[in-house]
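So the structure is just underneath, and the comments pick up after that.
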There are 2 protein chains.
Amino acid sequence: MKKADCKISDAEWIVMKVLWEEAPLTSAKIVEAVSSNKNWSPKTIHSLISRLVKKGFIGVNKEKPLYEYYPLVDKRDSILDETRSFIQKVYDGSIHLMLANFIKEEKISEEEIEELERLLNKKNNK
Amino acid sequence: MKKADCKISDAEWIVMKVLWEEAPLTSAKIVEAVSSNKNWSPKTIHSLISRLVKKGFIGVNKEKPLYEYYPLVDKRDSILDETRSFIQKVYDGSIHLMLANFIKEEKISEEEIEELERLLNKKNNK
DNA sequence: ACTTCTATCCTACAAGTGTAGTCTGTAATC
DNA sequence: GATTACAGACTACACTTGTAGGATAGAAGT
């Protein structure tokens, strides 16, 4: 059971993202997927998997000869949590400040701008 | 000298934000400012200040009887760094994915939407 | 001058993190 | 059947972080 005060660490996020893409997966599959991004020892990845199980972010199916792991938390919720704490830290919780600063600072292509405008419009009319 | 691999921790951000607001400040002033947000022991705040000095994020003027502290890193740069690593972790580095998801998920008021649209327009025309 | 306060410096200490290694047992290989 | 190789459990270990406490020294009050 996930504890409320437990967070997914930076390294653990990589494993979670693999499992959110596809699950259930054996540890070998997870190692394979993670290895395309990160040059970690398989042992390291196993450690991360175990920690995530202990923290309650992923579950294990022990029926199979090779255990299969799957996420226990929703990707969207996790992203929202993470985003909120980031915005709290950097922007004192002001979403607006964040978005504004972001649009100002970052290089965004014209197409992207147009798509964002579409999104804003849709939101506005709803 | 700030090391490249050194990060400002969550708690340290609060101190940095105080100093970005106003600097130089004595530690007593920093404690005062931080205390309005956080219920930390002054000792804790002193610890954070020392760590920030050691990490090279803030500097000290020891000429005065009471040391004065001031930021050594730019607020904007720090925010950009922090934002980039957040987006890397959660959105695999895709700014676009992040903004899109964000506009979709979060409750933003109409005025805010309009201001964001203005920002997008300004950006688009530049 | 002696006491008191308190800023600065140094130390503490448990939990979390990145990054693995060891041990044990089962599975596949020769 | 003996050997090897990998899975999973447990252990390791230094560093960071949150959260302070103690010692020391100079300033300030009496």
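Quick note on labels: first sequence line is chain A, next is B, and so on, each numbered from 1. Quick caveat, the model's predicted, so the values are computed rather than measured.
With respect to A/E12, the side chain to side chain donor-acceptor pair (under 3.5 Å) criterion is satisfied by exactly one of A/R51, A/K55, A/K7, A/K17: A/K55. For the pairing with A/Y69, the side chain to side chain contact (heavy atoms under 4.5 Å, CB included) check across A/L52, A/L19, A/L25 returns one residue only, A/L19.
Residue A/K38 contributes atom NZ, which lies 12 Å from atom C1' of C/dT19 at whole-angstrom precision. One interatomic measurement links the two molecules: CZ of B/F57 to C1' of D/dT17, which rounds to 14 Å at whole-angstrom precision. Spacing between atom CD1 of A/I49 and atom C1' of D/dA9 amounts to 13 Å, rounded to whole angstrom units. To the nearest angstrom, P of D/dT19 lies 10 Å from CG of B/D10. Distance CG (A/L52) to P (C/dT17): 10 Å, rounded to an integer number of Å. The distance from atom NZ of A/K54 to atom C1' of C/dT17 is 12 Å, rounded to the nearest whole Å. Here D/dG8 presents its P atom at 13 Å from NZ of A/K64, a figure rounded to the nearest Å. Whole-Å rounding puts the A/K89 NZ to D/dT17 C1' distance at 12 Å.
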Name the pairs: protein N/O against N/O of nucleotides 4-8 of chain C, kept only if under 3.5 Å.
from: C/dT8; atom 1: OP1; to: B/Y67; atom 2: N; distance (Å): 2.7
from: C/dT8; atom 1: OP2; to: B/S27; atom 2: OG; distance (Å): 2.6
from: C/dT8; atom 1: O4; to: B/K43; atom 2: NZ; distance (Å): 3.1

With both pairing distances under 3.5 angstrom for Watson-Crick or G-U wobble, and | for a partner in another strand, the correct string for DNA chain D is ||||||||||||||||||||||||||||||
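Of the two residues near DNA chain C, A/E12 and A/T44, the one whose nearest nucleotide lies more 5' is A/E12. The 5' end of DNA chain C is approached more closely, in terms of each residue's nearest nucleotide, by A/I8 than by the other of A/I8 and A/N39.
Between the side chains of A/N61 and A/Y67, no donor-acceptor pair is found at a separation under 3.5 Å.
In this structure, A/F86 and B/F86 have parallel ring planes: the angle between them is below the 30° cut-off, well short of the 60° mark.
Under 3.5 Å, the side chain of A/R51 and the base of D/dT11 form no donor-acceptor pair of N or O atoms.
Atom CG of B/D77 has more than 12 neighbouring heavy atoms from other residues, nucleotides or ligands inside a 6.0 Å radius. The local environment of CD in B/E21 is sparse, with at most 12 non-hydrogen atoms from other residues, nucleotides or ligands closer than 6.0 Å. Around CD of A/E114, the count of heavy atoms belonging to other residues, nucleotides or ligands within 6.0 Å exceeds 12.
OP1 or OP2 of D/dT19 sits under 4.0 Å from a side-chain N or O of B/W40. Not one side-chain nitrogen or oxygen of A/S50 sits closer than 4.0 Å to the OP1 or OP2 atom of D/dC10. Dashed line: the shortest gap from a side-chain N or O of A/S47 to OP1 or OP2 of C/dG18 is not under 4.0 Å. For B/K55, a side-chain nitrogen or oxygen approaches OP1 or OP2 of D/dT17 to under 4.0 Å.
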side-chain contact (heavy atoms from CB on, under 4.5 Å) assessment of A/S78 paired with A/I8: CA-CA 9 Å; A/S78 303; A/I8 301 173; 4.2 Å; yes
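A single hydrophobic cluster is seen to contain both A/L97 and B/I14, as judged by linkage of ILVMFWY side chains at heavy-atom distances under 4.5 Å, directly or through other members.
As judged by a 4.0 angstrom heavy-atom cut-off over every strand, B/S41 is placed among residues touching the sugar-phosphate backbone only.
The side-chain heavy atoms of A/C6 and A/F57, taken from C-beta on, include a pair separated by under 4.5 Å.
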